[in-house]
Structure formats: structure tokens, C-alpha cells
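Note that these values count all heavy atoms, side chains included, but never hydrogens, waters or copies made by symmetry. Remember, predicted model here, so these are calculated numbers, not experimental data. Below, chains carry the letters A, B, ... as their sequence lines are ordered, and counting in each starts from 1.
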Amino acid sequence: MNNSLRELVRNNPHLWSGDEVCQGKPGGIPTGHASLDAILPGGGWPKNAVVEMITPHWGTGELQLLLPLMKSMTRRRRWILWVCPPYIPYAPALVDADIDINFLMTIGPNIACRDALWTIEKALQSQRCGLLMAWLNHLPNGVIRRLQLAADAGKTPCVLFRNQRGKNSPAALQLQVNHSDRGIHARVLKARGAHQYHSADIPYPG
Amino acid sequence: MPRPLSALSFRVYQEQEACNKTETGKGTRTGQQALWLAVYLPKLALEVVAADQSDEVSVAVEEIKGRKLVHTASCSAERMGISAGMALSAAYACCPGLKVHRINEIAREERLDALAAWALQFSAVVSLHPPCSLLLEAGGSINYFGGLAAIRDTIARELTERWKHVFYQATTPTPTASLMLARAGCNLVVERGADLRSVLGPLSIEVLPLDDKRKQRLNKTGVRILRDLWRLPSDGLARRFGTELVTHLDQALGKLPEPLNAYRIPPRFSDTRECSFDIDEQQALVPVVRGLVTGLCDFLQKQDLYTMDYQVHFYHRQDPVTMLHIGLRRPIRQPGYLMMLVETQLGRAKLDAAVVRVTLTAERFYSVAPRTRCLFPGSGLEQQDQDIAPLLEQLSTRLGAAALKGIATHADHRPEYACRTGVPAAVGPAPPGNRRPLWLLPKPRELLNKDDGIYYRGRIHFLMGPERIEAGWWDSDGIRRDYYVGVDDIAGRVWIYHDLTTRQKWYLHGLLG
């Protein structure tokens with residue numbers, strides 16, 4: 001990069017260099033999986049934002065990716081809310097993963113969709129929880145945008161698990177998670193602040 | 001049990017004499033001396049279950065170890081030889097046409113509470129002595145009512161005519177002596193403490209709060225009435241029958257003070273706002289409700305109480321009342337907090353018609369706000385726990401308390417029982433070292449078993465196993481399974497088992513997530 005270009009980038013806040021973003025400026029929450037950190041802009045989960053995890057079926061490895069985050073949150077005595085989990089979060093496995101289950105609270109699953117969205121918004125705005133996870137399939141973009149605003153205002157990360165990808169989602173990060181022969185296959189579908197998207201294989205622990 | 005009162009040669013008044021005496025001696029009385037009026041209701045247990053048993057042969061029975069025993073017998077039943085403690089079959093033998101009622105403890109307690117509230121009109125200090133006695137301090141009320149006799153007459157009249165109770169009432173300077181005399185069935189007044197010893201003397205030792213064994217021992221030593229006890233040295237008595245007995249006797253004679261629990265009418269808050277015009281907009285109701293909630297908070301502040309639930313009623317012109325019930329997870333009294341919860345509920349409530357009047361009532365109060373303290377102060381746990389509480393409160397107000405669940409482990413080898421959901425999230429013992437799935441299916445799902453393998457979404461290859469988990473005969477949910485960790489081509493890692501009991505089938509039980 002020549003000097004005049006560098007000068008331009010430095011003086012103009014609307015310009016930035018693409019490779020810088022892709023290499024990852026620190027600022028994300030480390031995921032605990034090195035190969036996943038490498039493909040995420042910011043080197044980890046985006047802070048105070050909505051992450052969409054898209055899996056063809058529940059339980060194909062998406063929760064495995066979040067275990068290190070859950071562990072660090074409960075270590076810091078922050079609460080984790082599970083909204084409408086599809087099955088029973090199994091306490092022995094969570095304890096095995098070194099998660100303090102005293103800080104977990106499940107809500108639902110037998111609650112109306114409207115109530116679930118209200119719960120997510122209130123919980124995000126309250127700034128009382130460290131992480132919010134929700135399993136909801138029917139989410140219009142308007143709703144995700146609203147949750148994105150709530151997450152930003154409440155400085156709380158929010159992970160939405162979905163079976164299908166929504167088009168033009170306002171979420172900060174869209175991650176497709178599949179099962180593969182080499183472990184969990186994660187592919188970035190959309191990430192704020194990145195101009196090209198990569199994929200990574202994360203081996204199963206143990 | 002009671003000796004005939006005519007045998008007493010002391011300064012004791014029978015009811016009629018007492019009336020005359022107190023009236024004539026009114027000028028000399030100071031009205032300062034404490035006089036305790038005890039009301040004993042011997043048939044209370046029967047009277048609350050049988051509406052009118054005055055002239056019928058009826059009993060209230062209780063069941064002790066499967067045996068039905070007579071607890072209380074009506075006066076006419078007693079005349080036929082039925083007494084308390086008798087087996088019901090024996091009572092039937094005395095009187096075949098006997099009417100039997102089952103004893104109702106709750107009704108009896110409620111009646112006693114109601115009587116205590118009623119008795120507060122005679123005295124500021126009323127004390128309950130379950131199962132069937134009341135105590136009130138009458139000394140301070142003598143001037144107001146114009147004599148002790150007037151008080152006693154009013155109590156007697158109301159108990160007979162309004163409450164329809166059989167009763168005895170005794171008045172002495174000490175609570176214990178009053179209760180003893182009333183329980184012994186004496187309707188009398190003792191004004192001077194010095195006379196107590198002589199008055200109580202002829203009472204049987206049955207009036208003492210002793211167990212049967214010690215009463216028998218007293219009987220064997222020749223002690224039948226309290227006068228016999230007065231003659232015994234108190235140190236020996238304390239050594240042989242316990243200090244409680246000596247204390248009780250001293251309290252009866254006024255030598256020792258006797259602390260009592262004063263009865264108080266339970267606090268209740270109710271406030272109503274009339275709307276100046278019909279309100280059909282829910283947002284317009286918020287200021288009205290805010291006023292009521294502020295009133296409730298002022299009340300709580302003044303009484304130093306906390307509340308855990310309150311109701312808001314919305315009255316319409318024609319339609320039935322709409323009620324909002326607001327339950328809390330812990331006792332609180334912060335106005336902003338209580339208001340936030342009402343607003344949450346109000347936003348969801350359906351008001352079919354315009355509101356003309358709003359009422360807020362709260363009946364259950366707590367005197368202290370229970371606070372869970374941290375074992376290690378300063379570790380930050382306390383603060384964080386407190387922090388989440390308002391959010392959970394708000395969520396449970398809208399979703400219902402059952403929607404919020406913590407999770408906990410439980411010491412059981414069967415996978416279904418090793419995880420529990422509920423509010424108190426307590427960590428149980430550490431799980432076994434084997435791999436466990438992050439998701440457990442609420443109900444195992446049967447898998448397709450073909451010749452070439454087992455199918456869930458795709459074909460399952462085995463990774464780990466088998467792990468045999470079996471037995472559970474003690475709660476008739478026995479299992480016998482071989483668990484495997486497998487990998488499904490499409491769905492990822494799964495936790496499956498082979499049911500070895502009756503049907504040799506394969507099931508999916510968890511997802512490793």
C-alpha cells in the first residue's frame with residue numbers, strides 16, 4: 001500500500017482496509033475453538049449482537065461450539081437463559097463440561113411465540129444475563145432487527161438457533177453448522193465487518 | 001373434676017355474688033390491676049362441625065392409629081355415659097342413635113381466631129390458647145364497661161346467643177390460674193392474688209400440663225389435688241417432676257411473670273379508586289393503578305411489611321369483574337417494582353368493557369424480607385444473584401412460575417433420573433465419567449432397525465459402547481439397556497440404546513449436540 005492510500009484510509013473514517021478486518025481485529029469474545037476464531041471477524045463471537053446458528057436439525061454440534069462460552073460466563077457468575085430449548089438440557093453433560101448449572105435457567109418450551117420473543121427482548125434489555133440462547137424457527141427480519149437492537153442496548157450476546165436460513169438477515173453473524181466426517185463443519189454465511197466468508201472444521205472434543 | 005364451690009370457705013364469689021360485689025365496690029376499685037378473664041369452650045370441636053347439637057346426642061370423633069375415638073361428646077351424650085377418649089363402638093353401645101361428626105381442626109382454629117377478633121372489643125390484650133381457650137385482660141376495661149360483671153354478662157350473652165357455645169369463664173389476677181379454673185369448669189371471679197392459693201387448692205391435678213405418665217406418678221404419691229402440691233417442697237418437686245411443673249405453679253400464683261402471645265387481627269390492605277369517567281384504554285388505567293400501588297407501598301412501609309401477592313380488580317358497568325392476580329417470587333415492597341409487574345400484566349389483560357372502578361387488595365404479608373446470604377461475602381455471587389431476581393420476577397409474572405426452570409443433577413444411574421428440572425438449581429453429585437449427551441429426549445424415540453444397520457436420519461455408525469445401564473426395580477421403573485455413542489451421517493453424534501428387556505429394540509435417547 002503506498003503512502004497516499006494509507007493517508008486516505010487514516011484520515012477518512014468511512015474507509016478501511018479489507019484485509020485488516022478479515023485477519024480479525026480483536027474485539028470478539030473468544031469461542032474457545034482456535035479454528036472457529038480464525039474465520040470469525042473480530043476473532044470470536046461478536047459482542048452485544050445477535051448470532052444466528054443455522055442447523056438442518058437440532059443437536060448437530062451447534063451447542064458444542066458454545067460450551068466454552070457458557071463455561072466462561074458461568075465462571076464469571078453470569079446467568080444463561082435458554083428460551084424454548086427443543087429437548088432437555090442434560091445436567092450431567094453440562095456439569096461434565098465444567099459449566100456451573102446453578103446459573104442456567106430454562107424458559108419454556110411450552111410458551112407462545114409472542115411470549116418467547118417478549119422474554120428474549122426483556123432479558124436482553126435487562127442486562128442481567130451473560131448469554132441468551134433461543135430455539136425459534138419463525139423469525140421475520142423485523143423481529144431479528146429488534147432483538148439486535150435489544151442486544152446492543154443491553155450489551156448481551158444472543159444466539160438464535162434456526163433450521164432454515166433467512167434471507168438478508170440483520171443478524172451480526174450467520175453461521176451454518178453441519179455435521180461432517182471431520183467433526184463440526186461451520187461455515188460463515190454472513191458476518192458484519194468481513195468481506196469474504198470462510199469455513200472451518202472443529203473436531204468433537206473427547 | 002371440680003369440687004363443689006359451696007365447699008370453699010374463701011373470699012371467692014360465685015357468679016351472682018360477684019356481680020353484686022363489683023358493682024357495690026366500684027368506687028374503691030382502681031381499675032389498674034390486671035385481671036385475666038379466661039374463656040374455655042369445652043365443646044368447641046363438636047360445635048364447629050355440628051351446627052345445632054344442643055339437644056341431640058352427637059359426638060365428634062378423631063382417628064388415632066386407625067381407631068375411631070370420641071373426641072368431644074355433646075351434653076346429652078355425656079348424660080348417656082359417653083365420654084371423651086371412648087372408642088366409637090363403645091359409644092354406639094351406649095346410644096345406638098348417636099350422630100357422629102368427623103373432627104375438623106381447621107374449622108376449629110378458624111373459629112378460635114374469629115372469637116379472638118370478637119373478644120378484642122372487650123380488651124386490647126387477647127391471647128389464644130389452643131385448642132379451645134381464650135384469654136383476655138379485663139382489668140383495664142372495667143371502668144369503660146361499668147364493672148367486671150357487665151363484661152362477664154356481655155361475654156356470656158354473646159357466646160350463648162350469637163356463637164351458641166357452651167363455655168366456662170374464670171377471672172383471676174394471673175393468666176394461668178384463670179385458664180386452670182376455666183378448664184376445671186368453674187365460673188368464678190378471684191380479685192386478690194392472695195386468695196389464689198386457696199381457690200386453686202381443690203382443683204384436680206388433671207388441669208396441669210403434664211403427660212399421663214407423670215400424672216400417674218403424682219397419683220401414686222398420693223397427690224390428687226393442687227393443695228397436696230402446695231404442701232410439697234418445691235425443690236424436690238422440681239427434681240422429680242421437672243422444673244416446668246414448678247414454674248407453672250408459680251405462674252398460677254403470680255410469683256413468676258407469664259409472657260403471652262397477644263392476638264392481632266391480620267393486616268389487610270384494600271383501596272378503591274373510582275374513575276371519573278369510563279376508561280376503556282389500558283394505558284389510561286396506568287395512572288389509576290399507580291395511585292393504588294403507591295398506597296399499598298405506603299401501607300407496607302408504615303407497617304414494616306412485605307407482600308408476595310396482590311390482586312387488582314377492575315369493575316365494569318355491566319360485565320363481570322376482571323381480576324389480575326400478581327404473584328411474586330419473593331417478598332418485596334419497592335413501588336417501582338410492584339408497578340412494573342402490574343403494567344406487565346395489564347399489557348396482556350383483556351378488558352372487555354370500560355372500567356369504572358379499580359380495587360387493589362393484599363392479604364398475605366411477611367414481616368421480614370427473606371434474604372439469602374452468601375457463604376463467602378464479597379465473592380460476587382450475592383450481587384449477581386440479586387441482579388437476576390427482578391428479571392425472573394418479571395418473566396414469571398407474564399409466563400407463569402412453571403415456565404421458568406433451573407436444572408440440577410440427581411444421584412441416579414438411570415439417565416432419565418439423573419437430571420431434574422425445577423426452581424432450586426442444586427448441583428448434585430458429579431456425573432459418571434462416561435460420555436453423556438447435551439440434549440436428552442424427553443421420551444426415547446424408536447429407531448428404524450434394518451438388516452444393514454440402524455437408521456435415525458441417516459445410518460448410524462457406532463463410536464463407543466456398549467455401556468450397560470440397568471436395574472431400578474425399587475420404583476417399578478426398571479431398565480436394562482446397552483448404551484452406545486454413534487454417529488449419524490446427517491444428524492451428527494447420537495446417544496442410542498438397545499433395549500434388552502422385553503422388546504429388543506433400538507432407541508434414540510440423546511443428542512451430543
Side-chain angles (χ1 to χ4, degrees), chain A residues 55-67 76-79 81-83 85-97 100-112 114-116 118-119 122-123 125-130 177-181 183-185 204-206, chain B residues 344 347-348 379-381 383-385 387-392 394-396 398-400 402-410 415-416 418-421 423 425-428 430-442 457-458 463 487-495 510-513:
Chain A
T55 60
H57 316 285
W58 305 134
T60 51
E62 70 277 9
L63 210 54
Q64 208 69 248
L65 299 183
L66 285 166
L67 286 182
R76 283 159 51 200
R77 302 184 180 281
R78 304 294 312 267
W79 281 76
L81 254 54
W82 304 49
V83 180
Y87 309 111
I88 303 163
Y90 196 50
L94 293 167
V95 172
D96 214 21
D100 187 347
I101 56 172
N102 285 315
F103 291 95
L104 305 187
M105 182 64 76
T106 65
I107 294 157
N110 301 321
I111 56 173
R114 220 159 55 95
D115 285 340
W118 175 85
T119 302
K122 286 286 169 223
Q125 285 169 346
S126 73
Q127 309 193 4
R128 312 280 189 189
C129 359
V177 180
N178 283 11
H179 161 75
S180 81
D181 297 340
I184 304 159
H185 181 75
Y204 280 109
Chain B
T344 306
R348 272 169 56 84
S379 61
L381 175 64
Q383 198 50 47
Q384 291 292 347
D385 279 358
D387 275 348
I388 191 96
L391 172 67
L392 297 183
Q394 193 183 8
L395 298 185
S396 67
R398 172 151 169 174
L399 309 173
L404 273 70
K405 286 187 194 118
I407 59 171
T409 56
H410 179 66
E416 296 94 323
C419 179
R420 286 191 171 179
T421 57
V423 179
V427 182
N434 291 315
R435 277 307 291 276
R436 288 287 177 264
L438 284 170
W439 293 119
L440 192 78
L441 269 60
R457 291 191 195 278
L463 287 181
V487 58
D488 182 301
D489 295 333
I490 299 164
R493 292 194 169 194
V494 291
W495 201 49
L511 301 165
L512 268 72

Segment of A:W118 engaging chain B (4.5 angstrom heavy-atom cut-off): side chain

field: Donor-acceptor pair, side chain of A:Y90 and main chain of B:P415, under 3.5 angstrom
entry: yes

- request: Could you tell me which of B:P442, B:A402, B:G510, B:P437 has the largest number of non-hydrogen atom pairs under 4.5 Å with chain A?
  value: B:P437

message: Heavy-atom cut-off 4.5 Å, strictly under: side chain, backbone, both or neither for B:L438 against chain A?
response: both

B:L399 side, atom CG; B:L392 side, atom CG - distance, nearest 0.5 Å: 10.5 Å

- request: Go through the structure and list residues passing side-chain hydrogen bond (donor to acceptor under 3.5 Å, both in side chains) with A:D115, not counting sequence neighbours.
  value: B:R348, B:R398

- request: Side chain from CB out, backbone as N, CA, C, O: work out which of these in A:P56 comes under 4.5 Å of a heavy atom of chain B, or both, or neither.
  value: neither

message: Let me confirm one number: the CD1-OG1 distance from A:I111 to A:T119, rounded to the nearest 0.5 Å.
response: 4.5 Å

query: Between the side chain of B:D488 and the main-chain N/O of B:R457, is any donor-acceptor distance below 3.5 Å?
result: yes

statement: Under 4.5 Å to a heavy atom of chain A? For B:L391 that would be side chain

- prompt: Of all of A:G59, A:A97, A:S126, which one pairs up most often with chain B through heavy atoms under 4.5 Å apart?
  reply: A:G59

- prompt: Of all of A:L66, A:T106, A:T60, which one pairs up most often with chain B through heavy atoms under 4.5 Å apart?
  reply: A:T106

Contacting region of A:I184 [heavy-atom separation from chain B under 4.5 Å]: neither

- line: Taken to the nearest 0.5 Å, the spacing of A:W79 CH2 from A:R128 CZ works out to 13.0 Å

message: Would you compute the distance between atom SG of A:C129 and atom NZ of A:K122 and round it to the nearest 0.5 angstrom?
response: 13.0 Å

query: Relative to chain A, which segment of B:V494 carries a heavy atom at a distance below 4.5 Å: side chain, backbone, both, or neither?
result: neither

